[in-house]
Amino acid sequence: MTSAAVPRRPLSRITAAAAAMVLLLSGCTQLGSGSESASDGGGTDSGQEEPSGEPEHPLVDIGTSAAADLPSDPATDPDYSSYYEQDIEWGECEDVYADGIECGTLTVPLAWNDPDGKTIDLAVAQIPGTGQDDDSLVLNNGGPGVSGVNFLESAPYMFSPEVRSSYDLVGFDPRGVARSAGIECLTDEETDDYLSETVEPGEAGGDEVFDDWEKKIAESCEANSGDLLPYLDTYSAARDMDVLRAALGSEKLDYLGFSYGTYLGSSFADLYPERVGHFVLDGALDPKNTMDDFFAGRAAAFEDSADAFVQSCLDSGESCPVSGDVAEGKQQLNEFFDSVDKEPLDSGNPDRPLTGAIARSVFYMLMYSDELWDSGWDAISAAMDGDGSLLLATADQSNERLLDGSYRTNFTYAITAVNCLDHPWIADEQWQEDQAEQLAEEYPTFGAQMGDNGCGQWPVPPLREPAAITADGAAPILVIGTTHDPATPYPWAQSLAEQLDSGVLLTFEGQGHTAYGRSGGCIEEQVDAYLLEDTVPEDGFTC
């Protein structure tokens, strides 16, 4: 197979949408447990070997984070006192679509190694607890690049009345995201074009099309927000979160992070182990992974989820739009998407037909939650019958595209801005091309979308070495893994729990991304007892 046969499709176009959509929906109700794992609890194979810490091939050059190694603890350094002595003035929120949410701002240094330099304001929000003298539970719902302020619109539905009574639920937009000095890149119209761009399989010049988009995005982000881009790494966001802890009046941080939020949370714990309170990390990233490990693991895990998705349809009966066995069903889906590449479908809007890129992004998003599978098949069936309106509407909801054509957040670009700083990749371009071909061949459903990390032309180099996080001396940290999680494969949770000095692994045997709020109660019961009663679950608990 050659690279021309399966053109690269930038993963960043669909990762952000999927994460935003599913975390929004998962907060709407306490959902059922979904499919049981077909394994004996060992989970899905991530498709990668355990990172050794010394990559076989040299990585790209790595820069220095302004927040990684500071000469003192900012919380006790007089140079940072103005930040740590802040009180948040809670008031009404703008453009938040739910009642009961209070908003405020928090000022932090742009460069953490220059406390007297430029500053930025972070948007924070809270839903006050229903009890008295509530503690604060800080939430991060992943991405990177998801708005934590927006997440509070649905977050209350994830938590029991007891947790709502004991905690103020606190969200924030991390630096560079949405209201927190959000970076600006392409216009809304250009974003429409980017997300819709399709190259037919085998089309000459397909790679160049996506290279041109990467260049255009990088140049626009640098032109509009170049002064921010070097300071959007997770070390900086973790330092910001310590200022938030202090402003909330907490000696220790109580925290629940999903997906990327596990990386942010574990980074905080490594910087400030003595300030770890109740810590829950659900859908773990493995900090030892390079960017290439990241994509290889996800390619295998998403293919596993695609198999289960197609099998669920085949098991449903005559209404399923594909037939045969799983391999044949996937092939029929791929052929359908290829046909939409060549001829976009009518969506009811003559200016916005359903393109292959948009259709694939919805398919990818559906892997995040098996609770979406039935409605997803309805939309796919309609599209296979010539009506692309449901798939386009689902994609718009995923991308937070509003009816007026604007985008509610800058998620599509913030995810790239953070990931490109946090995760270095192998420098050898030939190795990258070979890897892309291998992923496309081995994982035919999503492998081609994992062949380009989107960072090759980013104007700022990565700032962090892949390395284990131990957080020596921290209080117990719960790490939750789902055995068939496509976005954060289960072995990553096993690895993080083992790395952490106080890691406690909880396993949910099921499909979909993350477990808390989706497990049908079994994970929620363990986490709530930990949050409310300081009851640490048994390491290795499985349900």
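What you see is a predicted model; the values in this text were computed from it and never measured.
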Legend entry - Gln438 vs Asp434, side chain to side chain donor-acceptor pair (under 3.5 Å): CA-CA, chis, key distance, verdict: CA-CA 6 Å; Gln438 179 182 345; Asp434 293 343; over 6 Å; no

Legend entry - Short side-chain to backbone donor-acceptor contact, Thr191 and Thr187, under 3.5 Å: yes

Inset, instruction - Identify whether NZ of Lys or CZ of Arg in Arg360 sits under 6.0 Å from the centre of the six-membered ring of Phe446 and within 45° of that ring's axis. - result: no

Inset, instruction - State, yes or no, whether a side-chain contact exists between Val170 and Leu139 at a heavy-atom distance under 4.5 Å. - result: no

Legend entry - NZ/NE/NH1/NH2 to OD/OE distance under 4.0 Å, Arg401 and Asp192: yes

Inset, instruction - Please check if atom CD in Glu429 has more than 12 non-hydrogen atoms from other residues, nucleotides or ligands closer than 6.0 Å. - result: no

Inset, instruction - Run the numbers on Glu524 and Ser160 for side chain to side chain donor-acceptor pair (under 3.5 Å), then give the verdict. - result: CA-CA 9 Å; Glu524 293 82 358; Ser160 66; over 6 Å; no

Inset, instruction - State plainly whether the residues Lys216 and Glu222 are in salt-bridge range, i.e. N to O under 4.0 Å. - result: no

Inset, instruction - Decide yes or no on salt bridge (charged side-chain N to carboxylate O under 4.0 Å, His left out) for Glu189 and Arg352, but give the supporting numbers first. - result: CA-CA 11 Å; Glu189 293 79 10; Arg352 298 186 67 223; over 6 Å; no

Legend entry - Aromatic ring pairing Phe151/Phe258, orientation class (parallel under 30°, perpendicular over 60°, tilted between): perpendicular

Legend entry - Rounded distance (nearest 0.5 Å) linking atom CZ of Phe336 with atom OG of Ser381: 9.5 Å

Inset, instruction - Determine whether Gln457 and Asp211 make a side-chain contact, defined as any pair of heavy atoms from C-beta on separated by less than 4.5 Å. - result: yes

Inset, instruction - Going by the side-chain hydrogen bond (donor to acceptor under 3.5 Å, both in side chains) test, name the single residue among Asn419, Thr488, Thr234 that passes it with Tyr260. - result: Thr234

Inset, instruction - Quick one: list whatever passes ring-ring contact (aromatic ring centres under 6.0 Å, His included) with Phe337, sequence neighbours left out. - result: Phe363

Inset, instruction - Could you walk me through whether Gln332 and Glu328 pass the side chain to side chain donor-acceptor pair (under 3.5 Å) test, one step at a time? - result: CA-CA 6 Å; Gln332 291 160 33; Glu328 291 168 331; 5.5 Å; no

Inset, instruction - Quick one: do Tyr490 and Thr507 satisfy side chain to side chain donor-acceptor pair (under 3.5 Å)? Show the steps, please. - result: CA-CA 8 Å; Tyr490 179 66; Thr507 299; 2.6 Å; yes

Legend entry - Val124 and Thr105, any side-chain heavy atoms less than 4.5 Å apart: no

Inset, instruction - Rounded to the nearest 0.5 Å, what's the gap from CG on Leu391 to CD1 on Ile358? Could you check? - result: 9.5 Å

Inset, instruction - Among Trp373, Phe302, Tyr368, find the residue that satisfies the ring-ring contact (aromatic ring centres under 6.0 Å, His included) test when tested with Phe309. - result: Trp373

Inset, instruction - Indicate yes or no: does Glu94 engage Arg179 in a salt bridge with an N to O separation below 4.0 Å. - result: no

